[in-house]
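Within every chain, numbering begins at 1; the chains are lettered A, B, ... in the order of the sequence lines, protein sequences first and strands thereafter.
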Protein chains: 2
Amino acid sequence: MSVTIKDVARAAGVSPSTVSRVITKHSTVNKLTAQKVRKIMEELEYHPNIIAQSLVSKSTSTIGVLFPKTAEQLYMNLFFIEVIRGIFSETTASMYDVLTTTGATIDEELQATMNLVRGKRVDGLILLQSRVNDPIIQFLQAEGFPFVLIGRHVQDDSLLSVDNDNVKACYDAVKHMVEQGHERIAFVNGPSDLVVCKDRQAGYEQGLKDAGLPIRDDYTLDGSQFSSFQAVSTFMSLPERPTALIVQDDLMCMDLIRTFKEMHIRVPEDMAMISFNKMSIGGLVNPTLSNIDIDIFQLGKTAVELLVKQIRSEKIEQCRWIVPHQILSRQSSVLGSS
Amino acid sequence: MSVTIKDVARAAGVSPSTVSRVITKHSTVNKLTAQKVRKIMEELEYHPNIIAQSLVSKSTSTIGVLFPKTAEQLYMNLFFIEVIRGIFSETTASMYDVLTTTGATIDEELQATMNLVRGKRVDGLILLQSRVNDPIIQFLQAEGFPFVLIGRHVQDDSLLSVDNDNVKACYDAVKHMVEQGHERIAFVNGPSDLVVCKDRQAGYEQGLKDAGLPIRDDYTLDGSQFSSFQAVSTFMSLPERPTALIVQDDLMCMDLIRTFKEMHIRVPEDMAMISFNKMSIGGLVNPTLSNIDIDIFQLGKTAVELLVKQIRSEKIEQCRWIVPHQILSRQSSVLGSS
DNA sequence: CTGAAAGCGCTTACAG
DNA sequence: CTGAAAGCGCTTACAG
């Protein structure tokens with residue numbers, strides 16, 4: 001049915017080996033023969049079978065991306081979109097394809113990963129998330145399979161990873177609020193088994209400490225487990241209401257602002273807010289959102305760069321890459337900034 | 001290095017053929033031998049090489065998704081996220097992997113598609129967009145390669161496709177505005193070479209006609225070419241300003257609302273608005289966005305279902321599938337609806 | 001510079 | 001039920 005290397009060889013009056021040589025460009029072929037072969041390839045619309053190439057070359061020009069059960073996991077939704085954009089921009093440039101999988105549970109994720117790796121379907125893998133004691137990381141390490149982690153691994157500093165300095169990022173958010181005169185600063189965090197959330201928690205507490213403010217248990221909430229309404233009521237029913245809020249995600253932040261509005265709590269007058277995961281929408285809403293911009297796009301892009309280097313066994317100068325963050329002051333955290 | 005079918009065969013004292021038979025489950029194997037082989041496979045942590053399987057079976061258990069140069073194409077951003085969620089939900093269920101590619105230009109997209117198809121890397125393809133005279137569609141048709149179109153093909157009704165009734169959807173949007181008492185209804189559309197935009201334009205005009213309203217050229221704009229500020233000024237400088245706006249996308253709509261606010265034009269009092277591409281954020285902003293909900297998730301999910309059927313040569317009852325839409329009335333288009 | 005041969009890891013008629 | 005053989009489409013030492 002479809003034309004193979006043999007058809008080309010026959011038509012060109014050479015051996016399959018020679019055709020292969022002009023395809024791979026590794027070895028030298030007589031210029032004229034090469035020309036003839038190329039002409040025939042075009043005439044016959046020959047296109048190498050990548051699967052067959054992979055089988056012998058043992059490489060696929062494909063990298064895998066493991067999506068956390070994204071459908072359910074609204075709470076970091078925007079993060080994934082942006083990171084994917086970064087990944088695509090770099091894979092397109094490096095001529096890699098992207099194979100994606102997911103699983104609804106950790107076990108399914110692990111299963112999916114094993115299928116990709118053991119089935120030799122990808123040359124390397126990007127993990128979008130870092131959990132404490134992540135079985136997937138353990139598997140990949142044991143297998144010696146190339147992968148890059150977006151995030152930080154607690155147990156092992158020698159893993160190839162791209163991350164923000166999340167401790168510092170959240171520290172800076174606290175500092176921003178302190179500079180606005182706030183003393184009661186609360187924090188809506190994500191699931192505590194994610195390293196990124198642990199780090200931000202640490203930065204939050206350090207920030208309070210350095211500002212001479214007390215750390216209060218009732219000022220931290222896992223936002224992934226609460227509706228915005230619950231979160232708001234929890235904070236608002238405290239004897240000492242917070243006056244500033246640091247939130248894990250733009251979407252979550254917008255949801256909180258809406259709820260505040262319904263309760264006639266003004267942002268930023270009664271409650272100053274700043275959130276992570278800067279997205280384009282943050283500038284389109286009212287009030288515009290103050291952000292800790294962690295440059296998610298760059299996170300994805302760098303991850304691919306590192307992975308490709310690792311796959312090609314190029315030298316990598318350092319194994320932990322930090323993408324700088326930036327505080328973006330807008331209306332939701334600064335009085336009279338419209 | 002990694003364990004192959006031969007290793008298993010040797011360890012189990014059978015031939016590679018037999019091992020293959022217990023893997024594929026097609027043919028009958030003696031229960032006891034099968035058991036023994038399975039045990040050895042586990043002990044050795046054997047996992048079939050999918051690439052090798054693909055080469056002989058000529059199928060990959062992978063479907064391809066062609067992303068339009070998503071990075072640049074902010075204007076339909078939200079659409080893609082949602083459609084991908086739908087695609088993933090169904091591929092996970094059907095045990096297919098998803099291979100993605102993009103290109104920065106149409107030529108690059110075509111090239112990427114040809115690589116996937118001719119390289120035999122995927123069993124079928126999903127196209128996220130339908131252009132007039134799309135060279136990619138022409139290529140796939142010529143090749144006889146399984147694919148599903150999200151959208152509608154103008155020239156050929158026999159293509160397998162999932163779509164909304166976009167004519168009706170936009171017609172309904174006009175009707176909604178007419179029911180609110182509006183007579184000057186403008187339309188911010190997308191690029192006119194997309195079939196979806198053409199269809200909506202037709203629905204828009206038919207809606208006006210049926211309401212006895214004039215069709216005015218200066219009431220339609222290609223929003224993908226204008227900044228929101230330009231769009232707003234264009235409309236606002238008209239001798240007869242529109243009082244209602246139908247917008248192609250939530251994000252674009254939010255951007256317009258922000259610009260209106262800055263110019264002290266109230267939504268919905270001075271300008272009623274409704275947009276396509278319903279996303280979760282639409283309910284989180286102020287005012288909440290009225291939407292024509294086209295159920296993008298379902299669009300993606302159905303596309304996979306159809307493609308899988310086509311790949312497996314199952315019978316498909318009809319080639320055009322229509323996902324129903326729904327008008328969602330919220331604050332941005334209805335007075336006093338808070 | 002080029003061809004014949006072996007092999008990548010698997011599957012599948014073909015015999016038995 | 002099972003094994004030996006051929007083959008999927010390619011690449012790569014090995015000779016020449």
Would you mind reporting whether [Y] and [X] have side-chain heavy atoms less than 4.5 Å apart?
X      : Y      : answer
B:D97  : A:V122 : no
A:Q53  : A:S61  : no
B:F147 : B:I137 : yes
A:V304 : A:Y96  : no
A:D7   : A:R10  : yes

Is the phosphate of [N], meaning OP1 or OP2, less than 4.0 Å from a side-chain N or O of [X]?
X      : N      : answer
A:K120 : C:dC8  : no
B:Q53  : C:dT11 : yes
B:K58  : C:dT11 : no

Whole angstroms only, please: what is the [atom1]-[atom2] distance between [X] and [N]?
X      : N      : atom1 : atom2 : result
A:I5   : C:dG3  : CD1   : P     : 12 Å
B:K36  : D:dC1  : NZ    : P     : 15 Å
B:I23  : C:dG9  : CD1   : P     : 13 Å
A:M41  : D:dC10 : CE    : C1'   : 14 Å
B:R121 : D:dC10 : CZ    : P     : 14 Å
B:K6   : D:dA4  : NZ    : C1'   : 13 Å
B:D7   : C:dC8  : CG    : C1'   : 13 Å
B:R21  : D:dC1  : CZ    : P     : 10 Å

Which is more 5' along DNA chain D, the nucleotide nearest B:K31 or the one nearest B:L55? Just name the residue.
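The answer here is B:K31.
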Quick check on DNA chain D: between B:P16 and B:A52, whose nearest nucleotide comes earlier from the 5' end?
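Residue closer to the 5' terminus by nearest nucleotide: B:P16.
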Pick the C1' atom in C:dG16 and in C:dT12, then give their distance to the nearest Å.
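Rounded to whole Å, the distance is 16 Å.
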Using purine N1 to pyrimidine N3 plus N6-O4 or O6-N4 for Watson-Crick, or N1-O2 and O6-N3 for G-U wobble, both under 3.5 Å, which nucleotide pairs with C:dG3?
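Per the H-bond distance test, D:dC14.
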Contact class for [X] vs. all strands (heavy atom < 4.0 Å): base, sugar-phosphate, or nothing?
X     : value
A:T18 : sugar-phosphate
A:V14 : sugar-phosphate
B:T4  : sugar-phosphate
A:T33 : sugar-phosphate

Presence of salt bridge, B:K39 and B:E43, under 4.0 angstrom:
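Yes, this pair counts.
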Where the side chain of [X] is defined as all heavy atoms beyond and including C-beta, which of [options] is the nearest nucleotide?
X     : options               : value
A:N49 : C:dC10, D:dC8, D:dG9  : D:dG9
B:N30 : D:dC1, C:dC10, C:dT2  : D:dC1
B:S17 : C:dC10, D:dG9, C:dT12 : C:dT12

